[in-house]
Amino acid sequence: MKKIGVIYSGNEAHYRTFHEPKISQFIEKLIYHPQFVGTDISDLDVLVVPSQLNGELLMQGAQKIREFAANGGTVVAFGPQPWEWIPEQKWENRETNFWWWLEKDAKSGLVLTAPEHILFKDFLTLDDCTWHQHGCFWPTEDAEILIATEDGGAIMYDQKLATGGRWIVTTLDPDYHFGSYFMPATERFLEGFFPFLASGK
């Protein structure tokens with residue numbers, strides 16, 4: 001099983017999410033965000049960067065995160081990340097419709113673009129990844145877009161590096177919503193996504 005570390009802000013949503021036993025069983029190390037720069041992460045295979053982190057601290061640790069991926073690690077980024085720390089992220093902020101599902105003939109606007117990817121063959125469905133959107137990414141061509149908006153913006157992508165490292169980046173913020181006790185799909189997402197990360201597939 002792959003060793004997973006999570007950068008941890010200490011806020012109530014993160015506390016609930018990453019201490020939930022069915023999630024925490026997959027976590028090797030919780031790293032308090034103010035201590036991240038000085039923490040050894042060389043023993044980890046996967047580093048999860050949650051949503052709702054302090055932007056200043058995130059930028060201070062950005063180079064360390066990029067080096068982790070360059071040295072063969074997998075970096076996972078949750079949620080809208082409007083800071084230029086993800087390589088070639090090309091983030092586009094969009095208006096969020098929190099209530100789309102109440103509309104007549106409601107459509108989420110999400111498209112599963114890589115149903116053959118192991119994540120969707122063995123661990124998740126599109127419904128497990130569907131709540132609301134905060135924006136999208138326009139990654140480089142070497143990134144595999146897994147979930148997209150109807151106009152092709154990436155909601156989730158998987159980018160494998162020549163060094164053996166990997167970036168799995170999504171605008172979805174299950175850590176915040178599960179930890180805040182709303183959005184039922186986020187629980188299903190986490191129940192599938194962490195076993196996927198631990199498998200190393």
Side-chain angles (χ1 to χ4, degrees), residues 2 4-7 41 44-53 55 58-59 61-97 100 107-175 185-186 189-190 192-201:
K2 297 296 182 180
I4 300 171
V6 177
I7 299 177
I41 58 172
L44 299 176
D45 302 300
V46 180
L47 179 66
V48 176
V49 183
S51 63
Q52 307 287 329
L53 290 179
L58 184 56
M59 291 307 298
Q63 185 59 32
K64 182 172 184 169
I65 298 170
R66 290 192 290 262
E67 289 174 357
F68 179 79
N71 291 330
T74 294
V75 174
V76 176
F78 282 150
Q81 298 281 359
W83 303 287
E84 296 295 330
W85 67 272
I86 300 174
E88 300 292 337
Q89 68 162 315
K90 296 179 182 174
W91 166 259
E92 179 185 336
N93 195 45
R94 294 187 177 184
E95 184 177 352
T96 302
N97 181 0
W100 62 269
K107 290 179 64 178
S108 71
L110 299 185
V111 180
L112 182 60
T113 52
E116 73 287 350
H117 192 283
I118 191 67
L119 178 61
F120 299 106
K121 288 181 69 174
D122 291 351
F123 297 95
L124 292 175
T125 68
L126 182 59
D127 283 347
D128 299 333
C129 306
T130 301
W131 47 100
H132 52 256
Q133 308 163 36
H134 294 274
C136 65
F137 297 100
W138 297 96
T140 53
E141 291 184 0
D142 60 336
E144 182 180 12
I145 297 178
L146 308 183
I147 303 174
T149 58
E150 292 176 336
D151 63 349
I155 297 299
M156 180 187 293
Y157 66 85
D158 184 356
Q159 185 175 28
K160 296 178 181 177
L161 308 181
T163 61
R166 187 177 188 183
W167 289 83
I168 302 174
V169 180
T170 179
T171 72
L172 300 174
D173 50 358
D175 51 317
T186 62
F189 180 96
L190 293 167
F193 194 75
F194 270 85
F196 160 70
L197 294 179
S199 75
K201 294 182 178 178

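A salt bridge (charged side-chain N to carboxylate O under 4.0 Å, His left out) check over residues 154-166, counting only residues at least two apart or in different chains, returns the pairs D158-R166.
Contact record, P80 with W91: CB-CH2, 3.5 Å, taken as the closest heavy-atom pair. Considering all non-hydrogen atoms of both residues, E144 and A114 come closest at OE2-CB, 3.6 Å. Between I145 and P139, the shortest heavy-atom distance links the atoms CG1-CG, 4.2 Å. The two residues L110 and I147 have their closest heavy-atom pair at CB-CG2, 4.2 Å. Considering all non-hydrogen atoms of both residues, A69 and L161 come closest at O-CD1, 3.8 Å. The two residues I155 and C136 have their closest heavy-atom pair at CD1-CB, 4.3 Å.
Remark: E67 engages no residue in a salt bridge (Lys or Arg N to Asp or Glu O under 4.0 Å) (not counting sequence neighbours). Legend: residues meeting salt bridge (Lys or Arg N to Asp or Glu O under 4.0 Å) with D151, ordered by chain and number and at least two apart, are R94. Under the salt bridge (Lys or Arg N to Asp or Glu O under 4.0 Å) criterion, D45 pairs with no residue at all, not counting sequence neighbours. Judged as a ring-ring contact (aromatic ring centres under 6.0 Å, His included), and not counting sequence neighbours, the contacts of F123 are F196. In this structure D142 satisfies the side chain to side chain donor-acceptor pair (under 3.5 Å) test together with T140, Q159, sequence neighbours excluded.
Around CD of E141, the count of heavy atoms belonging to other residues, nucleotides or ligands within 6.0 Å does not exceed 12. Taking a 6.0 Å sphere around NZ of K64, one finds it holds more than 12 heavy atoms contributed by other residues, nucleotides or ligands.
If you check the side chains of D127 and T130, you find no donor sitting under 3.5 Å from an acceptor.
Using bins of under 30°, 30° to 60° and over 60° for the plane-to-plane angle, the ring pair W85/W167 lands in the tilted bin. Using cut-offs of 30° and 60° for the angle between ring planes, the F193 and F78 rings count as tilted.
A side-chain hydrogen bond (donor to acceptor under 3.5 Å, both in side chains) with S51 is found for one member of T171, D173, T170, D175 and no other, namely D175.
Rounding to the nearest 0.5 Å gives a distance of 11.0 Å between CG of L44 and OG1 of T74. Note that CG of L119 and OG1 of T125 are 10.0 Å apart. Values are rounded to the nearest 0.5 Å. Note: I41 CD1 to N71 CG = 9.0 Å, rounded to the nearest 0.5 Å. Here S199 contributes atom OG and D122 contributes atom CG; the two are 8.5 Å apart, rounded to the nearest 0.5 Å.
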Side chain to side chain contact (heavy atoms under 4.5 Å, CB included) between V49 and I86, worked out
CA-CA 11 Å; V49 183; I86 300 174; over 6 Å; no
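Using a 4.5 Å cut-off on side-chain heavy atoms (C-beta onward), I65 and I7 make contact. V6 has its side chain within reach of P50: a pair of non-hydrogen atoms, C-beta onward, lies under 4.5 Å apart. Residues V169 and Q89 form no side-chain contact, since every pair of their non-hydrogen atoms from C-beta on lies 4.5 Å or further apart.
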